[in-house]
Amino acid sequence: MTLEEIHGQQPMPAGHDWMQGAGTALHELLVSAQRRGCLTAGVYESAKLMNVDPDNVAFCVLAADQEDEGDIALQIHFTLIQAFCCENDIDIVRVNDVAKLAAIVGPSQDSGEPRDLHCILITNPNEEGWKDPALEKLNLFCEESRNVNDWVPTITLPE
């Protein structure tokens, strides 16, 4: 039984203004973070980063398609990552369309190969004064979602 089942989770409606704004903000944040080199993609790479430097992680995105829902190992990783994020006050969201995420983030810059996008971390850049308005919008969205017992809200990315 999950926390959402215990508390009778009532997610925000998909057409809600916050939901639409959050999808656009996530798109902007991913593009900005990749441009600044503040994006870590992959379940194992993310787990390593969170283990070494959790204070540097600003935001977490978990992504799974319909066919990934039956992958028990991936679901266990998601549960552990969610627990770690909650313990370290890292906001976290889910995305149900890995293909849209891949279109935004693209292949690995090092090898040009497709990469594991099931978990993406946004880290704080070395620049002291960098504040991303998209990150601030997403943090507010996550806070609002927690107020209605939606601890890991699902965001729909724009077309």
Side-chain angles (χ1 to χ4, degrees), residues 2-4 11 18-19 21-69 71-146 150-158:
T2 64
L3 184 61
E4 290 87 0
W18 277 104
M19 185 65 72
T24 303
L26 181 58
H27 182 278
E28 292 170 6
L29 178 63
L30 291 169
V31 170
S32 173
Q34 184 160 342
R35 188 174 45 246
R36 292 181 178 272
C38 302
L39 188 138
T40 300
V43 172
Y44 296 110
E45 293 81 1
S46 298
K48 283 191 282 188
L49 178 65
M50 286 191 284
N51 190 39
V52 172
D53 193 9
D55 294 334
N56 197 33
V57 178
F59 199 78
C60 179
V61 179
L62 297 178
D65 284 327
Q66 199 72 337
E67 66 256 8
D68 294 326
E69 295 300 322
D71 185 344
I72 301 299
L74 183 61
Q75 297 307 318
I76 291 170
H77 287 295
F78 280 4
T79 301
L80 293 172
I81 290 168
Q82 286 174 212
F84 187 88
C85 288
C86 288
E87 186 175 301
N88 288 284
D89 296 322
I90 300 167
D91 285 326
I92 183 171
V93 296
R94 280 184 167 258
V95 172
N96 289 332
D97 195 336
V98 178
K100 279 186 187 176
L101 205 53
I104 296 168
V105 176
S108 173
Q109 292 177 345
D110 298 332
S111 66
E113 300 274 324
R115 53 186 164 176
D116 172 18
L117 297 177
H118 289 106
C119 182
I120 296 176
L121 298 180
I122 309 299
T123 55
N124 291 318
N126 294 332
E127 304 166 26
E128 289 293 323
W130 182 67
K131 294 279 188 208
D132 192 313
L135 179 59
E136 291 175 16
K137 286 179 190 174
L138 285 168
N139 288 335
L140 184 59
F141 171 78
C142 288
E143 183 179 328
E144 290 290 321
S145 295
R146 284 190 296 271
D150 189 3
W151 297 95
V152 183
T154 300
I155 291 180
T156 302
L157 292 168

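- In this structure, CG in L30 is found 6.0 Å from CG in L101, a value given to the nearest 0.5 Å.
- For the pair P158/K100, no side-chain contact is recorded, criterion being any heavy-atom separation below 4.5 Å from C-beta on.
- The distance from the CD atom of E67 to the CD atom of E69 is 9.5 Å, given to the nearest 0.5 Å.
- Atoms CG and NE2, on D71 and H77 in that order, are 8.0 Å from each other to the nearest 0.5 Å.
- Nearest heavy-atom pair across C85 and C60 is SG-CB, 3.8 Å.
- Between the CG atom of N56 and the CG atom of L49 there is a distance of 6.5 Å, given to the nearest 0.5 Å.
- Using a 4.5 Å heavy-atom cutoff, the side chains of I155 and V61 are not in contact.
- Each of L62, T40, V105 was scored for a side chain to side chain contact (heavy atoms under 4.5 Å, CB included) with I120, with one residue passing: V105.
- Taking CG of L121 as the reference point, atom CD1 of I90 lies at 7.5 Å (rounded to 0.5 Å).
- Taking the side chain as every heavy atom from C-beta outward, S145 and W151 never approach each other to under 4.5 Å.
- Looking at L157 and L26, their side chains come closer than 4.5 Å, going by heavy atoms from C-beta outward.
- For the pair F59/N139, a side-chain contact is recorded, criterion being any heavy-atom separation below 4.5 Å from C-beta on.
- Applying the salt bridge (charged side-chain N to carboxylate O under 4.0 Å, His left out) rule to pairs touching residues 77-95 yields D91-R146, sequence neighbours excluded.
- Using cut-offs of 30° and 60° for the angle between ring planes, the H118 and F78 rings count as tilted.
- Among all heavy-atom pairs drawn from A22 and L138, the shortest one is O-CD2, 3.5 Å.
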Inset, instruction - Check the pair N96, D65 against side chain to side chain contact (heavy atoms under 4.5 Å, CB included), reporting the backbone distance first and the verdict last. - result: CA-CA 5 Å; N96 289 332; D65 284 327; over 6 Å; no
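- Considering all non-hydrogen atoms of both residues, D116 and V43 come closest at OD2-N, 2.9 Å.
- Inter-residue side-chain proximity for C119 and I81 is flagged as met; some heavy-atom pair is nearer than 4.5 Å.
- Residues V93 and C142 form a side-chain contact, since some pair of their non-hydrogen atoms from C-beta on lies under 4.5 Å apart.
- Interatomic distance, CD1 of I104 versus NE2 of H27, reported as 4.0 Å (0.5 Å rounding).
- Between the side chain of T79 and the backbone N or O of Q75, at least one donor-acceptor pair lies under 3.5 Å.
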